[in-house]
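Keep in mind the model is a prediction, meaning the values are calculated, not measured. Each chain gets a letter, A, B and so on, in the order its sequence line appears, and its residues count up from 1.
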Amino acid sequence: MASDSIIDWSKLTWIDPPTMGRTELRDVKKAIDGTFRDFTRANGEWIEAIFDPLQSFLVWFEKLMIATPWPLFLIVAAGLAYYGSRSWKLALITVASFLFIGWLDMWEDTMATVAMVSVSTMLCIAFGIPLGIWMSRSDRVQAIVVPILDVMQTIPSFVYLIPVVMLLGIGKAPALIAVMIYAIPPIVRLTNLGIRLVDKDTLEAADAFGASKRERLWGVQIPLALPNIFAGVNQTIMMALAMVVIAAMIGAGGLGTPVLRAVNNQYLALGVFNGLAIVAIAIIFDRVSQAFGKRLQKHREGGHGV
Amino acid sequence: MSEPKVQIKNLYKIFGRKPASMVQHVENGMSKPELLDVHGHVLGLNNINLDIPARGIQVIMGLSGSGKSTLIRHINRLIEPTAGEMIVDGEDVLQMSDTALRDFRRFKASMVFQKFALMPHHTVIENVRYGVDIQGVAEKEAAERAQRWLERVGLKGFEQHYPAQLSGGMQQRVGLARALATDAEILLMDEAFSALDPLIRTDMQNVLLDLQEELHKTIIFITHDLDEALRIGDNIAILRDGKMVQSGNPQDIVLRPADDYVTDFIQDINRARVLQVGTAMSPATKKCDGPQIPHNTIIEEALQTCVDSHSETATVTKAGKAVGSITLDQMVRAIARPEAVSADDANYR
């Protein structure tokens, strides 16, 4: 039988390329699915247990934000915006945006989304920056990590939702992992790039004065790479927000859920309102983090005098 | 002169994939272009031997690509040699452990760079403190030391500026203060003034000479500028294609150039500013007329003294005693280019 061989010769023509036999192909897929399902059954429990604290933390954080009296939240938000950007205008825009969001009855969903994005960004920073530093120190690590980051950034998100859901089910933790897979590459890349771009002459000076490896890293490399690292943080936040709707499909909650409902039921207004709320949060996060990043580069200003 | 401070012995640096195996070829007399053509390796330094006395300014000079910046980086081992020894105070820097090397860099040799290499994210005063902080000096003393050196190089009032806000000359003063603040005995200066414009460069040379008069550090100064070398150097070593072609004091270099390369080099210098009357005088048996001039006066000044005192001749003294006499004619002849060199020169063009 033709379909038994590795190539189905009966179907090979000048128009169609060689294909694997139908049975073989089905067997391969079945084998992969079966293996992963067995793995999940065998290990799902303890893997889930690992992520349990994360899940409870997320739930707790979200509840905390929702339970916070709205005036208090506005004060904190405005304070953070002002601290980051030193701009009253931006602080005011932040307050106005959140008030408007509340007025359109999207407060709870917005809190859930802000909680999710904040936690995922923190985790991305916590894992991404050390990984970026490691990459910058070793060409071999870089050669291994870069293609992985390429895959993470280009693979359609739905594809990795499948194994994540198989392993962890539907909920906040798997949603968080999906968001992180999508959002962590920029911070890793830009940390690596930023450190590698630090002026060789400056590093040589540090060496010439006998700086140890740690003094080199914390005294010269990281501070001089900070603008790039901050561009990475900014990108990571934006990508996390972009994943909100997709992550809602596996239980992230927040503003993505009403958007999905709007798509399924053709509710134009609901979709637009929630979409714009995401945009508003994105703009606030973006402007504040950019302004903060810029302030870190104070020393780059040229010219004489103070 | 006592034991040299820094001794460079049979130092080789070859760049390429298998540098160690190339030393043999170079020892057998293979030249830089040959090594590159046949083996694809670049000869950086070729059997350098140099004794650097303590408390003087040793200039290492050469055109770009001659290996001078590579050589100075071997002294504090920013570059590893292919073969050879680098003895500082009797200890081979190249054999030091990582910790010993770090201490050597912290306490023994500090460096000033061509492109300043200041920390752009630190203020001027923080930059001056950099080496002191790495030495682990206590806060109070570190702050005092940094402030003292900052004022010594004339930058009082600029403490809180960032390097980018200063001009090149001022940035290099910060670089100099940073290097001096560590109190290291050896000062490595890699084309430290080459990036500055001529007036500022002269200015900085004066700053360095002033400081040296009171500090007496062992300074190793790299430059491509012969005028600068002659002006500040107690000793000058000339490099070409990684090989040392001549080493001596400025008078030696100008009066007795070792080969055509050095001869070519000294073509355009102002000889009146380098040569001293002691090298052009006739030893006197009798006392002579005219003003008394110390033997190490440069001819430019001696001429001026003679003209000012309307005298055709002058008495040359050493430690207050007359050792010879010199005429205006002798001085003028001394600063003219030697015959042989001029003829040679004509053949070149």
Side-chain angles (χ1 to χ4, degrees), chain A residues 84 86 129 132-133 136-140 190-191 193-233 290-306, chain B residues 69 72-73 75-79 96 98-124 126-127 129-136 157-167 170 174-175 178-179 181-182 184 187-190 195:
Chain A
R86 294 291 144 87
I129 290 182
I133 292 172
S136 72
R137 294 187 152 197
S138 151
D139 285 340
R140 188 178 296 168
L190 281 157
T191 302
L193 182 75
I195 292 178
R196 281 174 184 266
L197 283 182
V198 169
D199 186 25
K200 296 279 173 295
D201 290 339
T202 314
L203 276 181
E204 192 183 42
D207 283 338
F209 280 93
S212 64
K213 276 215 163 127
R214 195 177 336 133
E215 285 162 337
R216 241 168 81 114
L217 179 67
W218 292 103
V220 183
Q221 290 178 304
I222 300 265
L224 290 180
L226 264 191
N228 270 316
I229 295 177
F230 245 80
V233 172
Q290 270 196 29
F292 186 70
K294 225 179 225 159
R295 276 206 297 128
L296 293 175
Q297 306 182 52
K298 204 171 48 162
H299 63 268
R300 274 166 211 257
E301 287 161 15
H304 299 257
V306 188
Chain B
S69 287
I72 200 174
R73 279 168 175 70
I75 298 174
N76 61 356
R77 212 166 131 195
L78 287 173
I79 297 180
M96 286 181 181
D98 282 357
T99 338
L101 178 64
R102 243 189 345 255
D103 278 347
F104 174 82
R105 289 172 176 172
R106 284 177 186 182
F107 296 99
K108 205 101 188 226
S110 57
M111 196 162 180
V112 183
F113 298 85
Q114 179 175 12
K115 291 180 197 143
F116 322 139
L118 301 174
M119 309 286 158
H121 57 301
H122 287 168
T123 60
V124 166
E126 285 166 353
N127 265 290
R129 278 182 63 152
Y130 188 75
V132 187
D133 283 337
I134 284 185
Q135 287 179 338
F158 289 94
E159 287 84 352
Q160 300 309 321
H161 284 57
Y162 284 99
Q165 298 171 317
L166 304 183
S167 67
M170 289 160 96
V174 179
R178 173 175 69 177
T182 64
L187 191 58
L188 306 171
M189 304 187 73
D190 177 29

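For A:Ala206 against B:Tyr130, the heavy-atom pair with the smallest separation is CB-OH, 3.4 Å. Contact record, A:Ala208 with B:Phe113: CB-CZ, 3.7 Å, taken as the closest heavy-atom pair. The two atoms that bring B:Ala117 and A:Ala205 nearest to each other are O-CB, 3.5 Å, heavy atoms only. Contact record, A:Phe209 with B:Ser110: CE2-CB, 3.9 Å, taken as the closest heavy-atom pair. Between A:Asp207 and B:Arg105, the shortest heavy-atom contact is O-CD, 3.2 Å.
With a 4.5 Å cut-off on non-hydrogen atoms, B:Leu188 does not touch chain A at all. For chain A, the nearby part of B:Ala109 is the backbone; its heavy atoms alone come within less than 4.5 Å.
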Tabulate below the donor-acceptor pairs under 3.5 Å that side-chain atoms of residues 217-232 of chain A make, not counting sequence neighbours, or state none.
none

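To the nearest 0.5 Å, atoms CD1 (B:Ile134) and CZ (A:Arg216) are separated by 11.0 Å. Taking OG1 from A:Thr202 and NE2 from B:His121, the interatomic distance works out to 8.5 Å, rounded to the nearest 0.5 Å.
Annotation for A:Lys213: atom NZ does not count as buried by contact number, only 12 or fewer foreign heavy atoms lying within 6.0 Å. Around atom NZ of B:Lys115, no more than 12 heavy atoms belonging to other residues, nucleotides or ligands sit under 6.0 Å away.
Chosen from B:Arg77, B:Arg102, B:Met111, the residue pairing most often with chain A at heavy-atom distances under 4.5 Å is B:Arg102.
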Between B:Arg106 and A:Glu215, is a salt bridge (charged side-chain N to carboxylate O under 4.0 Å, His left out) present by the stated rule, with each step listed?
CA-CA 13 Å; B:Arg106 284 177 186 182; A:Glu215 285 162 337; 3.4 Å; yes
